[in-house]
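Encoded as structure tokens, the structure appears first; notes follow it.
Just so we're clear, the structure is a prediction, and the values are computed from it rather than from any experiment. Start at 1 and go down the list; that is how both ligands and their atoms are numbered. Atoms considered below: every heavy atom in the structure, side chains included; atoms not considered: hydrogens, waters and symmetry mates.
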Amino acid sequence: MGAPTTTDTPGSAPQAAQARIPAGVAMLVGLLGVAAALAAGHLVAAFIDPNASPFLAVGNAAIDLTPPALKEFAVAAFGTADKLVLLTGMAVFLLLVACAAGALSRRSPIPGTVLAVVLGGAAVAAVYSRSDLGQLASLAPLASLVAGVMTFRRLHAAALRAQEAGNGPRGAGSRGLERRAFLRGSVGVAAGAGIAGLAGQLIGTRVDVEGSRAAVTRRLAKYRDPTTVPGADFAQDGTPTYLTKNENFYRIDTALSVPRLRAEDWSLRIHGMVDRELTLTFDDVMDMDLITRTVTMTCVSDEVGGPYISTAQFTGVLLRDLLAKVGVHPGADQVFSTSTDGYTAGSPIEAITDPGRNAMLAVGMNGEALPPEHGFPARLVVPGLYGYVSATKWVTDIELTTFAAKTQYWVPRGYSEKAPIKTESRIDSPRGRSSVPAGKVVVAGIAWAQTKGIAKVELQMDGGPWQEADLAAQPTKEAWRMWRRSYDLRPGTHTVVVRATDATGYTQTVDVADAVPDGATGLHSVVFTTA
Ligand SMILES: Nc1nc2c(c(=O)[nH]1)N[C@H]1C(S)=C(S)[C@@H](COP(=O)(O)O)O[C@H]1N2
Ligand SMILES: [Mo]
């Protein structure tokens with residue numbers, strides 16, 4: 001004997017059955033399995049649809065499954081960071097599951113394999129549940145499942161061999177060899193996952209959205225409305241500016257990754273209860289009469305005093321012009337719009353065709369192409385309706401139908417079918433709980449009653465009488481109106497309450513209502529101190 005080349009059959013030594021992978025190594029095997037799974041799925045998704053990437057698909061499905069109360073909580077607690085919070089939570093969860101899968105599999109790979117199959121199955125189900133993803137999309141989570149299970153089992157076997165070798169008759173020498181084999185395998189998996197993930201990212205985002213946007217922005221230059229709106233805000237007293245910069249415009253949507261569309265690849269199909277179905281390209285839209293209108297958009301999730309309200313100059317074509325082209329049947333009462341990411345909204349046809357409000361298919365925002373996160377290349381903007389029932393971003397399909405026949409995204413989730421924006425007002429300055437110098441204090445803010453217009457804003461300071469505020473100019477009833485009033489205040493704590501009256505004579509209600517089902521109500525009040 002003594003020949004160093006002796007081979008022994010794996011598992012032949014009785015001690016081998018007893019081998020246990022050290023806990024840390026076992027967790028590493030679990031983590032590498034998850035990394036391989038995510039990377040493989042991400043790479044395959046890049047060729048089919050980036051949203052089929054298992055991590056995103058599970059996140060998007062989770063958003064779809066979120067009950068309204070939790071969604072309202074998330075929006076209230078995290079605002080626009082809610083997506084980041086969700087993704088971080090998912091990453092932490094996966095990390096824990098990967099470690100648990102490893103730790104439970106120190107002897108046999110079966111517990112980890114079962115967990116991997118369960119996770120993979122969840123990803124397949126998530127992709128399947130998404131209406132925007134086609135049949136092929138399931139290939140991405142399937143790739144994840146296969147890569148995850150195979151990586152886990154192979155690394156597990158290698159780790160076990162390294163352990164068995166140490167326990168076996170040849171002791172430390174062969175253990176070193178097996179350990180190096182395991183290490184090589186681990187490093188290979190880590191590097192492979194990194195490369196595959198990166199490649200998936202590069203391929204999945206290869207669509208040149210910015211180039212396409214820049215070209216659209218150039219074409220929109222002649223529609224830019226150069227008239228600034230003098231006297232329409234009291235920004236120097238703490239109100240927002242009359243127009244909100246695109247990068248400051250509030251953003252609310254269910255899309256975990258912003259859909260990446262090019263204007264050249266986009267088309268809009270208008271169909272359903274119409275005489276002539278129509279499919280428009282982006283050029284078709286640009287060849288129509290484009291108008292520019294200032295509109296204040298509001299989210300139904302905006303709590304009293306909340307931030308989800310912004311104003312922009314939108315450029316686009318009137319939806320009533322588009323509908324005139326297709327010839328709407330008399331029975332149709334709902335304009336049902338669908339986004340490329342599967343989101344849907346339904347608006348009453350009276351609102352869309354109302355000559356008093358300019359519901360539009362918008363392609364421009366404040367003189368440039370729509371930013372990707374605001375719907376590039378095209379979205380709907382309907383003055384006077386909350387965004388969820390009207391303002392579909394990345395819109396690719398409009399169906400003329402009835403409310404009885406089709407149900408939009410938020411309705412089964414507890415929101416109303418119809419949701420006109422409520423007359424409301426907000427105090428912007430002073431901020432709640434702030435301290436300002438005693439003496440002259442200007443209270444300033446916004447009020448809105450889109451399509452009606454604001455006629456009066458009143459303030460009540462420290463329980464005194466209601467007093468009228470000064471109103472800024474109101475260039476259009478489709479947008480908000482700014483107000484202010486100055487006071488002479490002694491040092492101390494003060495409470496100011498605001499209420500608005502719209503041009504129909506309606507004064508906003510004092511009744512406190514939640515955002516669900518059709519928009520919050522109640523008077524905004526602010527407590528501040530003067531010193
Ligand atoms: N595709 C898509 N469009 C959407 C949504 C969405 O989740 N997906 N959310 C709607 C809601 S609830 C609002 S308030 C507005 C917000 O538009 P903004 O993000 O441009 O401010 O978009 C609407 N359009
Ligand atoms: Mo919204």
Side-chain angles (χ1 to χ4, degrees), residues 51 59-64 66 68 71-72 74-76 79-83 86 130-132 240 243-261 266 268 295-303 306-314 316 335-347 359-366 368-398 408-411 413-416 419-422 424 448 450 479-480 514-520:
N51 273 317
N60 278 321
I63 290 175
D64 290 347
T66 303
K71 178 240 172 192
E72 291 305 324
V75 168
T80 308
D82 55 349
K83 297 187 174 74
L86 174 68
R130 296 284 304 175
S131 59
D132 56 321
L243 296 180
T244 313
K245 286 200 169 77
N246 286 352
E247 61 269 29
N248 297 334
F249 204 97
Y250 83 88
R251 173 188 169 198
I252 295 278
D253 56 61
T254 60
L256 263 186
S257 69
V258 174
R260 297 180 61 86
L261 297 174
W266 173 89
L268 173 67
V295 181
T296 296
M297 291 189 38
T298 313
C299 181
V300 70
S301 302
D302 196 47
E303 300 291 343
Y308 303 122
I309 178 164
S310 302
T311 302
Q313 280 186 346
F314 289 98
V335 177
F336 192 86
S337 49
T338 305
S339 153
T340 182
D341 69 352
Y343 179 86
T344 58
S347 321
M360 62 167 118
L361 173 74
V363 294
M365 186 170 176
N366 288 330
E368 49 178 274
L370 292 174
E373 53 283 8
H374 294 292
F376 183 77
R379 74 172 306 168
L380 303 189
V381 174
V382 184
L385 301 185
Y386 285 119
Y388 82 100
V389 287
S390 66
T392 304
K393 305 192 265 191
W394 315 289
V395 63
T396 52
D397 189 288
I398 292 178
Q408 54 188 303
Y409 185 88
W410 281 110
V411 169
R413 293 168 174 82
Y415 287 83
S416 298
I421 294 174
K422 297 175 179 177
E424 286 287 317
W448 61 95
Q450 291 93 319
W480 54 19
D514 271 349
V516 188
D518 61 1

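Atoms CD1 and CH2, on I309 and W448 in that order, are 4.0 Å from each other to the nearest 0.5 Å.
A search for side chain to side chain donor-acceptor pair (under 3.5 Å) contacts involving S257 returns N51, not counting sequence neighbours.
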For a salt bridge (charged side-chain N to carboxylate O under 4.0 Å, His left out) check, start with the C-alpha distance between D341 and R130, then their side-chain angles and the critical distance, and finish with the verdict.
CA-CA 9 Å; D341 69 352; R130 296 284 304 175; 5.2 Å; no

Show the short N or O contacts, below 3.5 Å, that ligand 1 makes with protein N or O atoms; if there are none, say 'none'.
{"unit_1": "ligand 1", "atom_1": "1 (N)", "unit_2": "S339", "atom_2": "OG", "d": "3.2"}
{"unit_1": "ligand 1", "atom_1": "1 (N)", "unit_2": "K393", "atom_2": "O", "d": "3.2"}
{"unit_1": "ligand 1", "atom_1": "3 (N)", "unit_2": "K393", "atom_2": "N", "d": "3.0"}
{"unit_1": "ligand 1", "atom_1": "7 (O)", "unit_2": "T254", "atom_2": "N", "d": "2.8"}
{"unit_1": "ligand 1", "atom_1": "9 (N)", "unit_2": "I252", "atom_2": "O", "d": "3.3"}
{"unit_1": "ligand 1", "atom_1": "17 (O)", "unit_2": "R379", "atom_2": "NH2", "d": "3.0"}
{"unit_1": "ligand 1", "atom_1": "19 (O)", "unit_2": "I252", "atom_2": "N", "d": "3.0"}
{"unit_1": "ligand 1", "atom_1": "19 (O)", "unit_2": "K393", "atom_2": "NZ", "d": "2.5"}
{"unit_1": "ligand 1", "atom_1": "20 (O)", "unit_2": "H374", "atom_2": "ND1", "d": "2.6"}
{"unit_1": "ligand 1", "atom_1": "20 (O)", "unit_2": "R379", "atom_2": "NH1", "d": "2.7"}
{"unit_1": "ligand 1", "atom_1": "20 (O)", "unit_2": "R379", "atom_2": "NH2", "d": "3.4"}
{"unit_1": "ligand 1", "atom_1": "21 (O)", "unit_2": "Y250", "atom_2": "O", "d": "2.6"}
{"unit_1": "ligand 1", "atom_1": "24 (N)", "unit_2": "A391", "atom_2": "O", "d": "3.0"}

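Within the 4.5 Å cutoff, side-chain heavy atoms of R413 are placed close to those of D64. The side-chain heavy atoms of W394 and D132, taken from C-beta on, include no pair separated by under 4.5 Å.
Between F314 and F249, the angle of the ring planes goes over 60°, which puts this pair in the perpendicular group of the 30/60° scheme.
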